[in-house]
Amino acid sequence: MIRCIGMELRKNCYWPFVLLSVVGIACLGFFNTVYDPSGTQTTLFSLIRQIRGGTFVPDVSFSAPVMWKQGLGSWLILFAPLLVSFGYVVILSSERQNGQMKFELIRAGSIRYCVSKVVSGALFCGFVFLAGYGLFGLLLKFFLPAFSSFGTEEQSFYMEMYFGNSMQAFLCRQLLGAFLFGILAGVFGIGTAVFFEDKYMLICLPFLLNYIYQQILQKITQGMYAAGAESAAWVESFYPASIVNVSASRYWTVPLLVLGLVYLVVAAAFIIRVKRGRIT
């Protein structure tokens with residue numbers, strides 16, 4: 001099984017698709033909404049232009065790791081399912097159309113083939129987003145002031161407040177969170193690939209499903225607060241961006257377990273459809 005997963009993972013790594021996705025993720029990161037020194041909302045791209053143009057002298061709150069810590073912007077969250085699963089769904093669709101899938105089913109068997117496809121797809125989406133988000137962080141380090149360039153008191157305050165007194169641990173948590181977010185975003189594309197075969201449907205539908213999912217969560221949250229609820233923490237924990245904030249809290253671990261259960265359901269549905277001859 002591990003060998004099959006490795007083979008499928010290598011098959012997904014067609015570098016033009018991977019490069020397109022990674023660059024797209026990094027570019028969308030610059031459209032995150034942030035606040036300038038006057039408290040006005042702006043994009044990270046516009047903020048960098050102000051800093052590079054000398055419009056204002058940035059303090060430590062505008063350093064690269066602090067801006068990276070702010071996480072995912074709405075545009076990146078919205079388009080992530082399309083970007084991370086693009087290569088996977090195109091290659092899977094091509095396999096179906098050229099008859100390669102029939103050969104793979106004969107060689108590996110339906111269960112092994114379906115499970116390896118789903119697992120390799122999840123890992124692929126995780127690695128793609130990790131690479132894109134990591135590239136985004138490196139670019140921020142180039143365009144924004146380094147954290148170490150500020151005074152000791154400012155560094156100490158932000159180290160305690162944002163980074164848990166360890167920059168290395170913070171980087172590991174952010175990268176792990178980015179990997180898990182990629183797996184979460186990929187479930188929309190991988191799930192779509194189980195039930196649809198048209199290449200254009202496979203590319204567009206993950207984006208739409210992700211949008212609908214977020215709108216449902218938003219409506220539930222608004223309804224709870226409108227009804228007088230003091231907190232909607234459990235609903236908010238299922239927002240895609242919440243998985244990036246790695247912790248031991250139940251508000252983080254339970255959604256992660258639910259994500260694993262969803263992937264199990266996707267794999268089971270894939271196996272059933274293959275065995276019934278609905279996917280060939």
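Annotation: side chain of Val34 is in contact with side chain of Thr42 (closest heavy-atom distance under 4.5 Å). A 4.5 Å side-chain heavy-atom check between Leu47 and Leu44 finds at least one atom pair inside the cut-off. Between Phe62 and Leu144, the closest side-chain pair of non-hydrogen atoms is not below 4.5 Å. Leu180 has its side chain out of reach of Val244: every pair of non-hydrogen atoms, C-beta onward, lies at least 4.5 Å apart. Here the side chains of Tyr113 and Phe270 are in contact, with some heavy-atom distance below 4.5 Å. With a 4.5 Å cut-off on side-chain heavy atoms, Val18 and Asn12 do not count as touching. Between Phe188 and Ser85 the shortest side-chain heavy-atom distance does not fall below 4.5 Å. For the pair Lys69 and Phe170, the minimum side-chain heavy-atom distance is below 4.5 Å.
For CD of Glu230, the number of neighbouring non-hydrogen atoms (other residues, nucleotides, ligands) closer than 6.0 Å is 12 at most.
Using a 30° and 60° split on the angle between ring planes, Phe30 and Phe143 fall in the perpendicular class, above 60°.
With sequence neighbours excluded, no residue forms a side-chain hydrogen bond (donor to acceptor under 3.5 Å, both in side chains) with Tyr213. Under the rule for a side-chain hydrogen bond (donor to acceptor under 3.5 Å, both in side chains), Ser156 has no partner lying at least two apart in sequence or in another chain. Not a single side-chain hydrogen bond (donor to acceptor under 3.5 Å, both in side chains) links Gln50 to another residue, sequence neighbours left out. Looking at residues two or more places apart in sequence or on another chain, you find a salt bridge (charged side-chain N to carboxylate O under 4.0 Å, His left out) between Lys11 and Glu8, Glu95, Glu104. Under the side-chain hydrogen bond (donor to acceptor under 3.5 Å, both in side chains) criterion, Asn210 pairs with Gln214, sequence neighbours left out. Applying the ring-ring contact (aromatic ring centres under 6.0 Å, His included) test to Phe86 and every residue at least two apart in sequence or in another chain returns Phe17.
Rounding to the nearest 0.5 angstrom, the gap separating the CG atom in Leu92 from the CD1 atom in Ile190 is 9.5 Å. Here Leu9 contributes atom CG and Phe124 contributes atom CZ; the two are 8.0 Å apart, rounded to the nearest 0.5 Å. Taking CG of Leu257 as the reference point, atom CH2 of Trp252 lies at 9.0 Å (rounded to 0.5 Å). Distance check: Arg273 CZ to Cys114 SG gives 10.5 Å after rounding to the nearest 0.5 Å. Once rounded to the nearest 0.5 Å, the distance linking CD1 of Ile111 with CD1 of Ile271 reads 5.5 Å. Once rounded to the nearest 0.5 Å, the distance linking CG of Leu83 with SG of Cys27 reads 10.0 Å.
Linking Ile, Leu, Val, Met, Phe, Trp and Tyr residues whenever their side-chain heavy atoms come within less than 4.5 Å places Leu20 and Val22 in a single cluster. Under a hydrophobic-cluster definition in which Ile, Leu, Val, Met, Phe, Trp and Tyr are linked whenever side-chain heavy atoms come within less than 4.5 Å, directly or via other members, Tyr211 and Leu208 are assigned to the same cluster. When the side chains of ILVMFWY residues are joined at heavy-atom separations under 4.5 Å, either directly or via intervening members, Leu82 and Leu19 end up in two distinct hydrophobic clusters. When the side chains of ILVMFWY residues are joined at heavy-atom separations under 4.5 Å, either directly or via intervening members, Tyr35 and Phe45 end up in two distinct hydrophobic clusters. Val23 and Trp68 fall into different hydrophobic clusters, defined by Ile, Leu, Val, Met, Phe, Trp and Tyr side-chain heavy atoms under 4.5 Å apart, directly or through other members.
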Can Tyr133 and Gln174 be said to form a side chain to side chain contact (heavy atoms under 4.5 Å, CB included), step by step? CA-CA 9 Å; Tyr133 197 65; Gln174 284 292 104; 3.7 Å; yes
Is there a side chain to side chain contact (heavy atoms under 4.5 Å, CB included) between Thr192 and Val89 once you walk through the steps? CA-CA 9 Å; Thr192 299; Val89 298; over 6 Å; no
Could you go through the ring pair (Phe, Tyr, Trp, His ring centres under 6.0 Å) check for Phe127 and Phe179 one step at a time? CA-CA 6 Å; Phe127 284 125; Phe179 176 73; 5.0 Å; yes
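Taking both residues in full, the closest heavy atoms of Phe238 and Pro255 are given as CE2-CA, 3.8 Å, listed atom of the first, atom of the second, then distance. Of all heavy-atom pairs spanning Ile25 and Val128, the tightest one is CD1-O, 3.9 Å. Between Ser247 and Thr253, the shortest heavy-atom contact is O-CG2, 4.3 Å. Across all their heavy atoms, Gly189 and Pro206 have their closest contact at CA-CG, 3.5 Å. Nearest heavy-atom pair across Leu139 and Ala26 is CD1-CB, 4.4 Å. Closest approach of Arg173 to Val246, counting heavy atoms only: O-CG2, 3.5 Å.
Of the candidates Phe181, Phe129, Phe136, Phe31, Leu76 forms a side chain to side chain contact (heavy atoms under 4.5 Å, CB included) with just one, namely Phe129. Tested against Leu259, the residues Leu264, Val254, Ile243 include a single side chain to side chain contact (heavy atoms under 4.5 Å, CB included) partner, Ile243.
Between Phe207 and Phe79, a ring centre-to-centre spacing shorter than 6.0 Å is recorded.
Counting only distance, with no hydrogens or angles, the side chain of Tyr88 and the backbone of Lys117 share a donor-acceptor pair below 3.5 Å. Between the side chain of Tyr263 and the backbone N or O of Ile183, at least one donor-acceptor pair lies under 3.5 Å. Not a single donor-acceptor pair under 3.5 Å links the side chain of Trp75 to the backbone N or O of Asn32.
A cation-pi contact links Arg52 to Phe142, judged by a cut-off of 6.0 Å to the six-membered ring centre and 45° from its axis.
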